[in-house]
Visitor: 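Let me give you the structure first, and then I'll get to my questions.
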Amino acid sequence: MTAAVDPVKLMKQEVGKAAAAHVKSGSIVGLGTGSTTAYAIQYIGDRLKSGELNDIKGVPTSFQAEVLAKQYSIPLTTLDAIDHIDIAIDGADEVDPQKNLIKGGGAAHTREKVVDYLADQFIVVVDSGKLVDRLGSVFAVPVEVIPMAIAPVIQAIAKLGGKPELRMGIKKAGPVITDQGNMVIDVKFDTIDDPVSLEKTLNNIPGVLENGIFVNCADLVLIGEVKDGQPIVRQL
Ligand SMILES: O=C[C@H](O)[C@H](O)[C@H](O)COP(=O)(O)O
C-alpha cells in the first residue's frame, strides 16, 4: 500500500521550486523562514550543486534559515558586508488581494522584515490556503516584544481592541523565545480595516520591537495549488 501524498506538502514543494528558479547567478538572496521557504532553500542548493547556479550569497532571516542554508551548502553573508539584496524569497501566513501579508507564524518576522524590505525583488511563496480577502480573517498578528514590557504591551493592545495572547512553546515549557531573545504576543483582531495604520500603531507601543504585518512590499506572490491531483503554481 502506498502512502497518500500530502497535497499541502506538494503545493509547498512546487512553489518553493518555482521561486528558486527566479534566483540568478551572482545574486545576493534573502533566505526566508518556514516550511515553504525551506523547499526554496533546498532547490537553490540543488541548483548550486548541479552547477546551474553559481556565485550566490544568502542572507538568512532566522537561525532555521541559516541551518538549512548550511545544510545545502549555500554560502552566507551578513548585512554589514553587502549594500543590497537582489531577491528575497519568504513564506507568509496570510496574503490579501493587494499582496499585503501577515507573517511571523514561526516568530521570525522581525529579521524577515529587515531582509524582505531591503530586497530589490521580494517573492512570497504560499499554498492556496493562505489566501484571504482581508488580513486578520484567520491568523492573529504576531508582535515581538521585549520581555520586561510584556504586561504593558498586552494592556495597550487590549485597549486597541485586539485579543492578545502570549505565544507559548509547543515542545518547550514557557513562552516562545525569538532569535533575538524576545517574546511574541499573538493578537487577534475582529477585522483589520487598515493594515497600513495598524502596522504603525502596533510598532509605536513602547516595548514592541516589530509586528508581522507586511504592507506594500511583496512584488510577486507564487501560489501553490492542486488541480486534478497535480500541483500547479499561479501568480498574484
Ligand atoms: O516566522 C515565520 C515566517 O513568517 C514564515 O514565513 C511564515 O510563518 C510561513 O511559514 P510556513 O511556510 O511554514 O507556513
Side-chain angles (χ1 to χ4, degrees), residues 6 8-93 95 99 101 103-127 130 142 144 176-181 210 212 214 217-224 231-233 235-236:
D6 174 3
V8 176
K9 185 177 169 186
L10 264 185
M11 291 190 266
K12 289 180 180 190
Q13 274 176 330
E14 205 61 19
V15 86
K17 193 173 189 173
H22 283 258
V23 176
K24 296 189 175 74
S25 290
S27 52
I28 300 174
V29 187
L31 302 171
T33 301
S35 55
T36 319
T37 318
Y39 289 113
I41 295 175
Q42 180 188 333
Y43 288 116
I44 291 170
D46 288 351
R47 291 186 63 207
L48 277 173
K49 198 171 172 190
S50 71
E52 183 189 320
L53 195 61
N54 53 67
D55 189 30
I56 71 155
K57 286 193 180 76
V59 182
T61 56
S62 61
F63 185 69
Q64 183 214 28
E66 184 176 338
V67 168
L68 278 173
K70 285 177 180 163
Q71 185 181 331
Y72 294 109
S73 305
I74 300 172
L76 294 176
T77 187
T78 52
L79 292 178
D80 52 2
I82 55 175
D83 60 4
H84 75 287
I85 293 175
D86 294 292
I87 180 172
I89 299 171
D90 209 344
D93 302 296
V95 181
K99 302 194 197 88
L101 319 171
K103 289 181 51 52
H109 57 278
T110 299
R111 289 194 198 187
E112 289 177 330
K113 201 176 268 190
V114 173
V115 171
D116 297 344
Y117 274 71
L118 269 177
D120 294 339
Q121 188 188 24
F122 173 30
I123 300 182
V124 180
V125 283
V126 288
D127 60 80
K130 304 289 185 63
E144 180 166 357
V176 166
I177 303 297
T178 69
D179 287 357
Q180 290 72 243
E210 189 54 83
F214 286 45
C217 63
D219 296 297
L220 174 66
V221 181
L222 297 176
I223 304 155
I232 58 160
V233 175
Q235 302 189 355
L236 177 65

Visitor: Counting C-beta onward and ignoring hydrogens, is there a side-chain heavy-atom pair between L53 and S27 closer than 4.5 Å?
Guide: no
Visitor: Can you give me the closest heavy-atom contact between T37 and G91, atom names plus distance?
Guide: OG1-N, 3.1 Å
Visitor: Could you list the residues that satisfy salt bridge (charged side-chain N to carboxylate O under 4.0 Å, His left out) with K9, not counting sequence neighbours?
Guide: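 Not a single residue meets the salt bridge (charged side-chain N to carboxylate O under 4.0 Å, His left out) criterion with K9.
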Visitor: Looking at NZ of K99 and CZ of F122, how far apart are the two atoms once the value is rounded to the nearest 0.5 Å?
Guide: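 Separation between the atoms: 11.5 Å.
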Visitor: Can you measure from CD (E112) to SG (C217) and round to the nearest 0.5 angstrom?
Guide: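 Between atom CD of E112 and atom SG of C217 there are 10.5 Å.
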Visitor: Is there side-chain contact between V29 and I74, with heavy atoms separated by less than 4.5 Å?
Guide: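 When only atoms from C-beta onward are counted, I74 and V29 do not touch, as no gap falls below 4.5 Å.
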Visitor: In Å and rounded to the nearest 0.5 Å, what is the CG to CD1 distance from L236 to I223?
Guide: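 Here the rounded value is 5.0 Å.
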Visitor: Apply side chain to side chain contact (heavy atoms under 4.5 Å, CB included) to I41 and Y72, showing your working.
Guide: CA-CA 8 Å; I41 295 175; Y72 294 109; 4.2 Å; yes
Visitor: Go through Q235 and L222 one step at a time and tell me if the side chain to side chain contact (heavy atoms under 4.5 Å, CB included) criterion holds.
Guide: CA-CA 5 Å; Q235 302 189 355; L222 297 176; 3.8 Å; yes
Visitor: Give every residue pair that meets the side-chain hydrogen bond (donor to acceptor under 3.5 Å, both in side chains) criterion with at least one member in residues 39-49, sequence neighbours excluded.
Guide: R47-E52
Visitor: With no hydrogens and no angle check, is any side-chain donor or acceptor of D219 less than 3.5 Å from a backbone partner on I123?
Guide: no
Visitor: Does the distance from a Lys or Arg side-chain N to an Asp or Glu carboxylate O, for K24 and D86, drop under 4.0 Å?
Guide: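 Not counted as a salt bridge, because no side-chain N and carboxylate O are separated by less than 4.0 Å.
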Visitor: Supply the atom-to-atom distance Q180 CD to T110 OG1, rounded to the nearest 0.5 angstrom.
Guide: 5.5 Å
Visitor: Looking at every heavy atom in both S73 and L48, which two are closest together, and how far apart are they?
Guide: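 Nearest pair, atom of S73 first, then L48: O-CD1, 4.0 Å.
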Visitor: Atom CD1 of I82 and atom OG1 of T77: how far apart are they, to the nearest 0.5 Å?
Guide: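 If I round to the nearest 0.5 Å, the distance is 5.5 Å.
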Visitor: Checking D80 now: which residues fulfil side-chain hydrogen bond (donor to acceptor under 3.5 Å, both in side chains) with it, not counting sequence neighbours?
Guide: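 Only T78 meet the side-chain hydrogen bond (donor to acceptor under 3.5 Å, both in side chains) criterion with D80.
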Visitor: Quick one: closest heavy-atom pair of F214 and H109, and the distance?
Guide: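 Result for this residue pair: CZ-O, 3.6 Å.
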Visitor: Give the table of side-chain donor-acceptor pairs shorter than 3.5 Å for residues 113-121, with sequence neighbours excluded, one pair per line with atom names and distance.
Guide:
| residue | atom | partner | partner atom | Å |
| --- | --- | --- | --- | --- |
| K113 | NZ | E199 | OE2 | 2.6 |
| K113 | NZ | E210 | OE2 | 2.8 |
| K113 | NZ | N211 | O | 3.0 |
| K113 | NZ | I213 | O | 2.8 |
| Y117 | OH | V215 | N | 3.1 |
| Y117 | OH | V215 | O | 3.3 |

Visitor: Restricting to side-chain hydrogen bond (donor to acceptor under 3.5 Å, both in side chains), what partner residues turn up for T178, sequence neighbours left out?
Guide: E144
Visitor: Name the one of V221, L220, D90, T36 that satisfies side-chain contact (heavy atoms from CB on, under 4.5 Å) with V125?
Guide: T36
Visitor: Please, which pairs that meet salt bridge (Lys or Arg N to Asp or Glu O under 4.0 Å) have at least one residue in residues 62-77, sequence neighbours excluded?
Guide: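 Sorted result for residues 62-77: E66-K70.
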Visitor: Which side-chain hydrogen bond (donor to acceptor under 3.5 Å, both in side chains) pairs, counting each pair once, include a residue from residues 10-21, with sequence neighbours left out?
Guide: K12-S35
Visitor: L79 vs I85, test: side chain to side chain contact (heavy atoms under 4.5 Å, CB included). Steps then yes/no.
Guide: CA-CA 9 Å; L79 292 178; I85 293 175; 3.9 Å; yes
Visitor: Mind checking side-chain hydrogen bond (donor to acceptor under 3.5 Å, both in side chains) for D93 and listing every partner two or more places apart, or none if nothing turns up?
Guide: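 Result, side-chain hydrogen bond (donor to acceptor under 3.5 Å, both in side chains) vs D93: none returned.
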Visitor: Please tabulate, for the side chains in residues 54-64, all donor-acceptor contacts under 3.5 angstrom to protein atoms that are two or more places apart in sequence or on a different chain.
Guide:
| residue | atom | partner | partner atom | Å |
| --- | --- | --- | --- | --- |
| T61 | OG1 | L31 | O | 2.8 |
| T61 | OG1 | T33 | N | 3.4 |
| T61 | OG1 | T33 | OG1 | 2.7 |
| S62 | OG | T33 | OG1 | 2.7 |
| S62 | OG | Q64 | N | 3.4 |
| S62 | OG | A65 | N | 3.0 |
| Q64 | OE1 | G34 | N | 2.9 |

